[in-house]
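No hydrogens, no waters, no symmetry mates; every other heavy atom, side chains included, goes into these values. Order of listing sets the numbers, starting from 1, for every ligand and every atom in it. For clarity, every value in this text was computed on a predicted model and none was experimentally measured.
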Amino acid sequence: MKVPGTEDTPLRVAIIGAGPAAFYAADHLLKQSDVHVQIDMFDRLPTPFGLVRGGVAPDHQNIKNVTRVFHKTAQQPGFRFFGNVEFGSDLLLDDLRRHYHQIFYATGAQTDRSLGIPGEDLAGSHSATEFVAWYNGHPDYRHFAFDLSAERVAVVGIGNVAVDVARILCRTPEELAATDITDYAFDALSQSRVREVHMLGRRGPLQAAFTPPEVKELGEMEDADARVLPEEADLDPLSLEDLQEADRNARRNVEIVQKFAAREPAGKSRRLFIRFLVSPVEILGEAEGRVTGIRLVRNELYRGGNGRLRPRAVDSYEELPVQLVFRSVGYEGVPLAEVPFNEDWNVILNDCGRVLDVAKRRHVVGEYVGGWIKRGPSGVIGTNKADAVETVACMLEDLKAGAVLDPPEPTVEAAERMIRDRQPEYFSYEDWMRIDEMETELGKDCGRPRVKFTSVAEMRRALRRERSTAERS
Ligand code: NAP
């Protein structure tokens, strides 16, 4: 095999997924001055940018500005995007091995963790993932329905996703009108009768998973009061022991939470309670199967073997009458066809980004991983940059050592023929640019950043494309 990476024989890389981890990796690869790289990026959705489009809250437009950086990457020679192409069904690993020297998996963490308590399946009990994907217009979730005639809602978990969900439930129609929330979610939330939202943290304020700007914002909403019970804002003796050594964010969280506890409610029409040291033990329902409440047990903290403070139930219970429950206790990665997966950690097992075949106790040649499917669902968008740099360093090292795949057809033309054959309805980056332009244009008419298309059929119609045979049948 000719060593790839030259102008004559470029290094051909397939990236699976088009979120931040994928784009940071593409950018770092394309920046290499001494290696000529060609990248084909695939996503099962027609649109790029992963959770920046489908996860970041619609009222956090500034965070979405990172797509400008990704757009620059996409403009570089050697970059191509193929949307609406799913790895595992449209494309198989063997297809990629025919056309690429290296494969980079960046599929994120696509599902959510469950609580494992009775009542989780009742009508009105949902995962935060579903709600977030629904209001953000993910095509697979647009048909979901949430009963916003509920007056009281529980959100289990106090990470930043729980904060997003609670905030979106508490925003006024005027606040939402300035965002790129989908039209149907805007209409539903504008009619919402939600008056009380209870975020439920199983540990104390010092251990909260939210970050200071996010929790502070909960105290700045137009028509919702953020409240904390004073007795739950006080730190327990073990947290007090940890306070001095705690990181800056954790200490700042405590300050903000204690301010919320100390301030008088302003009499706004919605109330958002941030609770600590409580765990749900059962979601309660009526005979017809609808949520009527959530039963909580009080916790105390104890020091676990690794020094971390952990929650432990004490014999004290309360029932919150709620009609809607969102569990927001973290995402989970899902396995990819033929790729080694660790079922305990829900990640593709890897060594600094090199995929590991545990049974054979060695790296899988030519396969790499980045982002949440590499390290689990943690960190902010920018965290994926350093993560991608680490994996790309391994890719370049292996390239130097000649440890890459030896594809029989390593050309852009051959790959495109294969993709056309497997998924003629793919979307290119140029298609995305037109969709982006149309969405932004639609937004201008109503003073919003954009109005999203939320189905593949809608996007295809907007691009004036024929419908596929599958869709017609
Ligand atoms: P997360 O930060 O891991 O938070 C999960 C929350 O669920 C924690 O409060 C956790 O409590 C709780 N939890 C887990 N298991 C539980 C159980 N069995 N019972 C009760 N509570 C339970 O996850 P996330 O909120 O899904 O966020 C994922 C990542 O995306 C995070 O890194 C987050 O910062 C990031 N993100 C960032 C933004 C932003 O920057 N604006 C927005 C959204 C998401 P313990 O701490 O006790 O485990």
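When the options G379, A209, G376 are ranked by their closest heavy atom to atom 35 (C) of ligand 1, first place goes to G379. Heavy-atom proximity to atom 36 (N) of ligand 1, evaluated over T129, V155, N160, is greatest for N160.
Within ligand 1, counting atoms from 1 as listed, the ones closer than 4.0 Å to a heavy atom of D164 are 42 (C), 43 (C). Residue Y331 approaches ligand 1 through these ligand atoms, each under 4.0 Å from one of its heavy atoms: 26 (O). Close contacts between ligand 1 and E214 involve ligand atoms 39 (C), 40 (O), 41 (N) [criterion: under 4.0 Å to a heavy atom]. Heavy-atom contacts of S378 reach the following atoms of ligand 1: 32 (O) (cutoff under 4.0 Å). Near P377, the atoms of ligand 1 lying under 4.0 angstrom from a non-hydrogen atom of the residue are 28 (C), 29 (C). Within ligand 1, counting atoms from 1 as listed, the ones closer than 4.0 Å to a heavy atom of V380 are 40 (O). Against a heavy-atom cut-off of under 4.0 Å, L115 is close to the following atoms of ligand 1: 17 (C), 18 (N), 19 (N). Residue-ligand proximity, G159 to ligand 1, at heavy-atom distances under 4.0 Å covers atoms 2 (O), 4 (O), 6 (C), 9 (O), 25 (O).
Counting protein heavy atoms only, atom 20 (C) of ligand 1 is closest to R202 CD, 3.7 Å. Among all non-hydrogen protein atoms, the one lying nearest atom 9 (O) of ligand 1 is I158 N, 3.0 Å. Atom 23 (O) of ligand 1 has its closest protein heavy atom at G330 CA, 4.0 Å. Ranking the protein heavy atoms by distance from atom 24 (P) of ligand 1 puts V161 CG2, 3.6 Å first.
The two residues E175 and C170 make their nearest non-hydrogen contact at OE1-O, 4.5 Å.
Ligand 1 lies out of reach of S279, whose nearest heavy atom is not under 4.0 Å from it.
Side-chain N or O atoms of R270 include one that pairs as donor or acceptor with a backbone N or O of V194 at under 3.5 Å. The backbone N or O of F70 lies less than 3.5 Å from no partner atom in the side chain of T67, so there is not a single donor-acceptor pair. Distance alone, capped at 3.5 Å, places no donor-acceptor pair between the W134 side chain and the H143 backbone. The backbone N or O of P139 sits nowhere less than 3.5 Å from a side-chain atom of T454 that would complete a donor-acceptor pair. A distance-only check finds a donor-acceptor pair linking the side chain of N384 to the backbone of I381 [under 3.5 Å]. Side chain of R203 to backbone of L309: a donor-acceptor contact under 3.5 angstrom is found. With hydrogens and angles ignored, the 3.5 Å screen pairs a side-chain donor or acceptor of D225 with a backbone N or O of G267.
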Please output the side-chain donor-acceptor pairs of residues 213-223 that fall under 3.5 Å, not counting sequence neighbours, one pair per line with the distance.
{"from": "E214", "atom 1": "OE1", "to": "T211", "atom 2": "OG1", "distance (Å)": "2.5"}
{"from": "K216", "atom 1": "NZ", "to": "E220", "atom 2": "OE2", "distance (Å)": "3.1"}
{"from": "E217", "atom 1": "OE1", "to": "H60", "atom 2": "NE2", "distance (Å)": "2.7"}
{"from": "E217", "atom 1": "OE2", "to": "H60", "atom 2": "NE2", "distance (Å)": "3.3"}
{"from": "E217", "atom 1": "OE2", "to": "R171", "atom 2": "NH2", "distance (Å)": "3.2"}
{"from": "D223", "atom 1": "OD1", "to": "S269", "atom 2": "N", "distance (Å)": "3.0"}
{"from": "D223", "atom 1": "OD1", "to": "S269", "atom 2": "OG", "distance (Å)": "3.3"}
{"from": "D223", "atom 1": "OD2", "to": "S269", "atom 2": "OG", "distance (Å)": "2.3"}

Given E439 and R450, is the salt bridge (Lys or Arg N to Asp or Glu O under 4.0 Å) satisfied, shown in steps? CA-CA 5 Å; E439 287 186 343; R450 72 174 62 237; 2.7 Å; yes
Give the intermediate values and the outcome of ring pair (Phe, Tyr, Trp, His ring centres under 6.0 Å) for residues F144 and F131. CA-CA 8 Å; F144 277 61; F131 188 55; over 10 Å; no
Passes side chain to side chain donor-acceptor pair (under 3.5 Å), Y368 versus D398? Steps please. CA-CA 11 Å; Y368 303 87; D398 292 349; 2.6 Å; yes
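At a 4.0 Å heavy-atom cut-off, ligand 1 touches V329 through backbone and side chain alike. Contacts between L200 and ligand 1, counted as non-hydrogen atom pairs separated by less than 4.0 Å, are absent for every part of the residue.
Within a 4.0 Å radius of atom 40 (O) of ligand 1, the protein contributes one or more non-hydrogen atoms.
Among the atoms of R203, some N or O lies under 3.5 angstrom from an N or O of ligand 1.
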